[in-house]
2 protein chains.
Amino acid sequence: MEMEKHGGKRMGAGRPKGTNHYGEPTQPVRIPISKIDRVLRFVREREDELPLYGHSVPAGFPSPADDYAEGALDLNSHLVREPTATFFVRARGDSMIGAGIHDGDLLVVDRSLEASDGKVVIVSINGELTVKRLRQTKQKSWLTPENPDYPSINFQEQDDTHLWGVVTNVIHSL
Amino acid sequence: MEMEKHGGKRMGAGRPKGTNHYGEPTQPVRIPISKIDRVLRFVREREDELPLYGHSVPAGFPSPADDYAEGALDLNSHLVREPTATFFVRARGDSMIGAGIHDGDLLVVDRSLEASDGKVVIVSINGELTVKRLRQTKQKSWLTPENPDYPSINFQEQDDTHLWGVVTNVIHSL
DNA sequence: CTTTTTGAATAATGTAACAATATTCAAATG
DNA sequence: CATTTGAATATTGTTACATTATTCAAAAAG
């Protein structure tokens, strides 16, 4: 055990890049002190990510320690792509039952998506919000319900008729 | 408009303390770059809370500046009551179509809820996950599909049959 | 006298810089 | 050949600092 030098320059020595806790670079960001704890929890351990299981599972009960069969999911980022352009509307009635939209369901609406033929959209008509499927050709646009008991209506952007956005997800409570 | 000095020392001059955006001091914290956006949004204001609109709306388009008719909503806290006991399962097939569960839907499952008569539950049978409605009397338990094309099955907790939890929400993508 | 303009004073803020720590590898040692 | 050691380099929490934002009273204008 001599106190001597242990070699000079060596190629490939030192801690390799990308070996940090996150697998990506970090950067300092100013956080109000009262929120530091929560931010750190969110950042260090995937706080908002919950396990997503597939159809077949190993024996026994699921456990948070499992390596989830299909990974983890954060509802907010999964359902909301453009937070600044997203809002919620509660559905009423059963005119869109065929699209899986039931009375009382919560609709996730994205205003940044283009409303094209076949999309389910939110439209305000005379201050009332409605959910319908948009159908359009080069000549005309319709709003069609997904329920044979209701009629289609002609659609045209006017003073009292506005297209609010495209429905991306339907949340149904049991 | 002379170019002269404008007084010397003055008591009470300068920006007062506590006039920052948060009303409290801040401190730099290292954040992985991919999460900086999310953290900033969370920290600056009600990040995960997006507007929830009612059925009738004032004229014009909605704006984030609006005082939302029905307030704001955070999907995570709205859909997940008990984070440590919650997980997701993707539904397969149409045996529960009557309960609003379609093929490919994402199910929010809470293990901490008691599975009582009438609840929609997740059960593993021989390593396969199934969604069914639980019916039980003092004598017996059944798992019933919500589709007349499928049969009910007898239910009993066994080695290869386990009740995983109660389905609280169904997320349907369009 | 009242209103408007100005810049000194001070806090807040984003980011660079730094010291301390963690990690890896090959040379030195046994 | 296995183990120990320390040079080399990345990571990390925090400090430092230059820049920006904000406020107020003196000075200027009306």
Side-chain angles (χ1 to χ4, degrees), chain A residues 1-51 63-68 71-78 80-87 111-112, chain B residues 1-51 63-68 72-77 83-84:
Chain A
M1 207 214 298
E2 295 272 327
M3 282 306 204
E4 303 257 343
K5 288 184 59 177
H6 284 257
K9 284 250 161 113
R10 264 163 294 150
M11 275 298 295
R15 182 177 184 168
K17 277 187 182 178
T19 58
N20 63 341
H21 187 285
Y22 309 110
E24 63 177 321
T26 64
Q27 185 174 349
V29 172
R30 256 181 205 282
I31 308 290
I33 49 170
S34 72
K35 291 187 175 177
I36 288 182
D37 278 357
R38 211 163 142 207
V39 165
L40 284 182
R41 240 182 302 135
F42 168 75
V43 152
R44 293 225 237 257
E45 54 209 71
R46 34 193 189 180
E47 191 194 46
D48 290 334
E49 300 194 348
L50 298 177
S63 135
D66 284 353
D67 269 344
Y68 323 119
L73 208 60
D74 177 343
L75 278 183
N76 274 321
S77 37
H78 182 70
V80 179
R81 295 200 181 195
E82 203 64 57
T84 58
T86 301
F87 61 91
R111 293 217 286 140
S112 71
Chain B
M1 206 213 303
E2 294 274 326
M3 283 305 201
E4 302 259 341
K5 288 183 59 178
H6 283 257
K9 285 253 162 108
R10 263 163 295 149
M11 274 300 296
R15 182 177 185 168
K17 277 188 181 177
T19 58
N20 63 341
H21 190 286
Y22 310 111
E24 65 177 319
T26 64
Q27 185 174 351
V29 172
R30 251 179 210 284
I31 308 289
I33 50 170
S34 72
K35 291 188 175 176
I36 288 182
D37 277 358
R38 179 82 189 275
V39 165
L40 282 182
R41 250 183 296 130
F42 168 75
V43 150
R44 296 230 227 256
E45 51 210 294
R46 34 187 188 182
E47 107 90 337
D48 289 333
E49 301 194 348
L50 298 177
S63 137
D66 284 353
D67 271 342
Y68 322 120
L73 210 59
D74 177 344
L75 277 184
N76 273 322
S77 38
T84 58

Interatomic distance, [X] [atom1] vs [N] [atom2] [rounded to whole Å]:
X: R15(B); N: dA9(C); atom1: CZ; atom2: C1'; answer: 13 Å
X: Q27(A); N: dT12(D); atom1: CD; atom2: C1'; answer: 14 Å
X: I31(A); N: dG13(D); atom1: CD1; atom2: C1'; answer: 14 Å
X: K17(B); N: dT13(C); atom1: NZ; atom2: C1'; answer: 16 Å
X: R30(B); N: dA20(C); atom1: CZ; atom2: P; answer: 16 Å
X: D37(B); N: dG14(C); atom1: CG; atom2: C1'; answer: 15 Å
X: H21(A); N: dA10(D); atom1: NE2; atom2: C1'; answer: 16 Å
X: I33(A); N: dG13(D); atom1: CD1; atom2: P; answer: 18 Å

* Can you tell me if the side-chain N/O atoms of N20(B) get under 4.0 Å from OP1 or OP2 in dA21(D)? -> no

Considering all heavy atoms, the nearest [X]-[Y] contact:
X: K35(A); Y: F42(B); answer: NZ-O, 3.8 Å
X: E24(A); Y: I33(B); answer: OE1-CG1, 3.4 Å
X: P32(B); Y: V43(A); answer: CD-CG1, 3.5 Å

* Structure fact -> On DNA chain C, more 5' by nearest nucleotide between T19(B) and P28(B) is T19(B)

* To do: Determine, stepwise, if the pair S112(A) / E82(A) fulfils side-chain hydrogen bond (donor to acceptor under 3.5 Å, both in side chains).
  => CA-CA 7 Å; S112(A) 71; E82(A) 203 64 57; 4.7 Å; no

